[in-house]
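What follows is one structure encoded as structure tokens, with my remarks underneath.
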Number of protein chains: 2
Amino acid sequence: MTQKKLPAVSPAETEILRLVWQLDKATVQDVCNKLPAKRKIAYATVQTLLRRLEKKGYIKHRIRGKAHVFFAAVKSEHVIKRSVGDFLDRLFGGDPIPLMQYLAEHGKIDAGDIEKLKQLAGKK
Amino acid sequence: MTQKKLPAVSPAETEILRLVWQLDKATVQDVCNKLPAKRKIAYATVQTLLRRLEKKGYIKHRIRGKAHVFFAAVKSEHVIKRSVGDFLDRLFGGDPIPLMQYLAEHGKIDAGDIEKLKQLAGKK
DNA sequence: TGACAGCTTGTACAAATGTACGATATTATA
DNA sequence: TATAATATCGTACATTTGTACAAGCTGTCA
């Protein structure tokens, strides 16, 4: 079954969506609490973003008491694929090597990590 | 000297900026011709995007004949750093490993590439 | 059962984005 | 030097994004 093409996820929405994945099931509150301290946005804003994500089809909700409990409606794989693809196209013309290179050079990755990746790449 | 903080580059702008880097010096025409066939946008649109990039400080231009020749005013390194950083934060909470993993698993990378990357990571 | 605390919903709105038309200016060239 | 070709510039405009207030529901607990 082919996935219907969903509208793109905006940057701010992306962050919220990631938190929903991370929490698995989450109320607006939950998401707010999980927001990185750096990026505090109002409860109401989070609500709107969740609403929009639902409208776009990325999440659904169920009622628990008076609260909405949101959860993913699309596999994160799917979203990641699109996002990474678009990002790569825009910034690197679609070639993943420069990106990996950038990540490798900028320190947050060490040789050990890469060894593991090699395994993955091998058995794809 | 610390780089003044420039306004963010939008997705569409990012693509245009990349083409300017790639061409080194480019007129609106040049950029249009370099656009991937997939993504054909009007001459006028490219113009606007270039104008905006200039206003934001990412490129400058010089006049040659009646045409504007645009060129980078900021090191691509700088833009890439910001873009990758933001992207990583939004989609992966800042952790580069899942991204590399994704890239490694999705085929476009082979063990040989990774070997090279390991080198880079090693001597950072 | 009535009040409260906590939620959602409707609505708003400025700024950014994506896209482009039409008018004007400039350069070669006939 | 008039003209055709080609650029730019000003402007426009529908959408999307980011952010949020205020009004109205709804369980809950006294």
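Every chain is numbered from 1 and lettered A, B, ... according to where its sequence line falls, protein lines coming before strand lines. Given the structure is predicted, the values throughout are model-derived calculations rather than measurements.
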Nucleotide D:dT8, atom C1' - distance to CD of B:E54 in whole Å: 12 Å
Closest-nucleotide 5' rank along DNA chain D - winner of A:P11 and B:R51: B:R51
Euclidean distance, atom NE2 of residue B:H68 to atom C1' of C:dT27 [Å, nearest integer]: 13 Å
Given A:K60, A:H61, A:K25, the one that forms side chain to side chain contact (heavy atoms under 4.5 Å, CB included) with A:F70: A:H61
Interatomic distance where CG belongs to A:L17 and P belongs to D:dG18 [whole Å]: 13 Å
Short side-chain N/O contact to C:dG18 OP1/OP2 from B:T48, under 4.0 Å: no
side-chain N/O B:K66 vs C:dT24 OP1/OP2, d < 4.0 Å: no
Distance-only donor-acceptor test, B:R64 side-chain atoms vs D:dT6 base atoms, 3.5 Å: no
Value in whole Å for how far the C1' atom of C:dG18 lies from NZ of B:K55: 17 Å
Minimal non-hydrogen separation, B:A72 against B:W21, with atom names: CB-CD1, 3.9 Å
Whole-Å gap separating P (C:dA15) and CD (B:E13): 17 Å
Among C:dT17, C:dA20, D:dG18, the nucleotide that comes nearest once only the side chain of B:I41 is considered: C:dA20
C:dA20 phosphate, OP1 or OP2, under 4.0 Å from B:Q47 side-chain N/O: no
B:Y43 side-chain N/O to D:dT8 phosphate OP1/OP2 under 4.0 Å: yes
Under 4.0 angstrom between A:T45 side-chain N/O and D:dG18 OP1 or OP2: no
Interatomic distance where CD belongs to B:E15 and C1' belongs to C:dG18 [whole Å]: 12 Å
Sugar-phosphate only, base, or nothing, as touched by B:P7 at under 4.0 Å among non-hydrogen atoms: nothing
Sugar-phosphate, base or nothing in reach of B:A44, heavy atoms under 4.0 Å: base
Side-chain N,O (B:R39) to OP1/OP2 (C:dT19) below 4.0 Å: yes
Nearest-Å distance for atom pair CG/C1', residues A:D86 and C:dT17: 15 Å
B:K34, NZ: over 12 other non-hydrogen atoms inside 6.0 angstrom: no
Short side-chain N/O contact to C:dC7 OP1/OP2 from A:Q29, under 4.0 Å: yes
Toward the 5' end of DNA chain D, by each residue's nearest nucleotide, A:I63 or A:L49: A:L49
Nearest-angstrom distance from the residue atom CG of A:L50 to P of C:dC7: 13 Å
Joint cluster assignment, B:V28 & B:V69, ILVMFWY side-chain distance < 4.5 Å: no
Sugar-phosphate, base or nothing in reach of A:K40, heavy atoms under 4.0 Å: nothing
Reported CD-to-CZ distance for the pair A:Q22 and A:R18, which is rounded to 0.5 angstrom: 5.5 Å
C:dT8 OP1/OP2 closer than 4.0 Å to side-chain N/O of A:H61: no
Within one Ile-Leu-Val-Met-Phe-Trp-Tyr cluster: A:L99 and B:F92, side-chain cutoff 4.5 Å: yes
